[in-house]
Amino acid sequence: EKQGFKHFMLKEIHEQPGVVRASLDAYFNNFGESSESPINLGLPADLYNNLEQIQIVACGTSWHAALIGKYLIEQLAGISTQVHYASEYRYAPSPVTANTLIIGVTQSGETADTLAALAMEKERRQGKEPQYQGQLLGITNRSESSLGDMVPNIISTLAGIEIGVAATKTFTAQLMAFYALALDLAARRQTVSKDTLEKIINGLRQIPKEIEATLETQERLTEQLAHEFAETKDFIFVGRGINFPIALEGALKLKEISYIHAEGYPAGEMKHGPIALLDAKVPVVAIAIPGSVYEKVISNAQEAKARDSRLIGVTPVNDGEAAEIFNDLLPVSDVEELLSPILTVVPLQLLAYHIAARRGLDVDQPRNLAKSVTVE
Ligand code: BG6
């Protein structure tokens, strides 16, 4: 069943190009002269009407996907979006307007905290107060689940069954759902031009083969690095903008399966505290993608280097400052910054995988974790 891979997690990492292809086929197939949007999510028209605000609830890796979703929805469609830990939101829900869409993201469709937050919102809507009219939407890899039973609208993510407890391909599938949703909203609200829309969609179509290229080069590089870092005690991951959530995800993957302490930070925040942690024993993984924050990330990386940290760069750049600063490079293809998270997460998944495998750990069944957590 593992098709020659040593663990399900590694197999699932390698399935990501196919997940992106399946998502493109399913969501981006609505090119009619008369269609309002090139995207087809099968959602009712009234879900899009007069949308003023979006609140997203999720846990773990799904919460990271939601942070990227927020970035995409705000930057492309101009709708104010907040992302909440479901476990926090249920006891302190945000005030909402009548036209607030609530989105619950859970790959399993069974996470108790996420379901409870949505149940609370559902109840608010069944009450008398007129401000609670906005709809509920679920994004899940299992539409036949408790989530599917609870909410009227679902975007099905197309990862196929994921066996490894640490989410990999379901995360990529969630990102694809958010690209589709954000672009759909942008097309309908005409917040981006047709040309831009087309350019982004064409860029997405290139992603599967870019992931394949990344997988090919990274397998060996991450395995080599894993050899050196198997006994490392602490790791820091930094990124900015749309790649800040990828820094969080890289750190979470490492924690979950290798039990190494790891933190993800927005690179600009390092100087406000976490920089005190740095020395030669604490490697820093920096995601540096050309675009709006590249120079900033490089200068944040320079600050880490000055504290003797070993620097690992996830970047398409292999000359100039990047070549000078980074001790090790995990190269990714040069794609638009907006699309880069689907690529930058791949070397971080592989790095976590190879470190855990090197440490001889049970990669697919890490201690204390379960694939779906059905208790609060
Ligand atoms: C945790 C898992 O318990 O649940 C994480 O260990 C996962 O890997 C999180 O991201 C959320 O799960 P789901 O199914 O709601 O996306």
Side-chain angles (χ1 to χ4, degrees), residues 7-13 15-16 19 23 55-70 83-90 102-121 136-151 154-178 181 237 245-260 262 264 341 345 348-349 351-353 356 361-376:
H7 295 96
F8 282 108
M9 182 180 176
L10 189 59
K11 170 177 167 267
E12 288 159 359
I13 290 171
E15 282 170 351
Q16 292 176 112
V19 170
S23 311
Q55 306 279 353
I56 313 181
V57 294
C59 307
T61 291
S62 295
W63 185 76
H64 297 155
L67 289 177
I68 292 177
K70 167 194 161 78
V83 180
H84 307 270
Y85 287 117
S87 55
E88 290 294 313
Y89 189 81
R90 52 185 298 196
I102 311 285
I103 307 179
V105 189
T106 160
Q107 63 79 22
S108 64
E110 300 295 344
T111 297
D113 287 318
T114 307
L115 293 175
L118 291 168
M120 183 209 58
E121 283 294 347
L136 300 185
L137 168 66
I139 299 181
T140 183
N141 206 45
R142 288 187 51 228
S143 52
E144 286 179 23
S145 59
S146 304
L147 177 83
D149 293 340
M150 185 185 292
V151 302
I154 289 280
I155 300 177
S156 286
T157 55
L158 300 165
I161 293 169
E162 186 175 71
I163 291 175
V165 164
T168 53
K169 63 173 179 169
T170 53
F171 175 72
T172 298
Q174 288 168 343
L175 294 188
M176 289 305 291
F178 275 117
L181 181 63
F237 292 76
I246 298 299
L248 296 178
E249 178 60 7
L252 182 63
K253 285 289 86 88
L254 194 61
K255 279 183 269 206
E256 285 183 311
I257 60 169
S258 75
Y259 320 141
I260 291 173
V345 74
L348 303 190
Q349 294 168 338
L351 184 64
Y353 170 78
L361 298 170
D362 189 350
V363 173
D364 289 329
Q365 294 286 336
R367 69 184 184 201
N368 308 342
L369 299 177
K371 190 72 196 156
S372 56
V373 179
T374 52
V375 292
E376 180 178 348

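Whatever order the structure lists ligands and atoms in, that order sets their numbers, starting from 1. Note that this is a predicted model, so its numbers are computed, not measured.
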Check: Is ligand 1 less than 4.0 angstrom away from at least one heavy atom of Glu256?
Finding: yes
Next item on the list: Please tell me if the side chains of Lys253 and Thr61 come closer than 4.5 Å, counting only heavy atoms from C-beta onward.
Entry: yes
Check: Between Gln349 and Gln16, do the side chains contain an N or O donor and an N or O acceptor separated by less than 3.5 Å?
Finding: yes
Checklist line | Contacting atoms of ligand 1, where contact means under 4.0 angstrom from a heavy atom of Thr111 | finding: 12 (O), 13 (P), 14 (O), 15 (O)
Next item on the list: For Thr61, counting its heavy atoms only, list the atoms of ligand 1 lying under 4.0 Å from any of them.
Entry: 10 (O)
Next item on the list: Would you check if there is a donor-acceptor pair between the side chains of Glu110 and Ser146 at a distance under 3.5 Å?
Entry: yes
Item checked: Inter-residue atom distance Glu249.CD - Leu348.CG, 0.5 Å rounding -> 8.5 Å
Check: If you count the atoms of ligand 1 from 1 in the order shown, which ones are under 4.0 Å from a heavy atom of Val165?
Finding: 8 (O)
Check: Of the protein's non-hydrogen atoms, which lies at the shortest distance from atom 11 (C) of ligand 1, and what is that distance?
Finding: Cys59 O, 3.4 Å
Check: Got Ile103 and Leu181 here, is their nearest side-chain heavy-atom distance under 4.5 Å?
Finding: yes
Notebook entry, point to check: Mind checking whether Tyr353 and His7 have parallel, tilted or perpendicular rings, split at 30° and 60°?
Noted result: perpendicular
Check: Quick one: which ligand 1 atoms are inside 4.0 Å of a heavy atom on Val373?
Finding: 3 (O)
Next item on the list: Identify which one of Tyr89, Tyr85, Phe171 satisfies the ring-ring contact (aromatic ring centres under 6.0 Å, His included) criterion when paired with Trp63.
Entry: Tyr85
Notebook entry, point to check: Does an N or O anywhere in Gln107 fall below 3.5 Å from an N or O of ligand 1?
Noted result: yes
Next item on the list: Look at atom 4 (O) of ligand 1 and say whether a protein heavy atom is found at less than 4.0 angstrom from it.
Entry: no
Notebook entry, point to check: Out of Ser62, Ser108, Ala370, Ala86, whose heavy atom sits nearest atom 16 (O) of ligand 1?
Noted result: Ser62
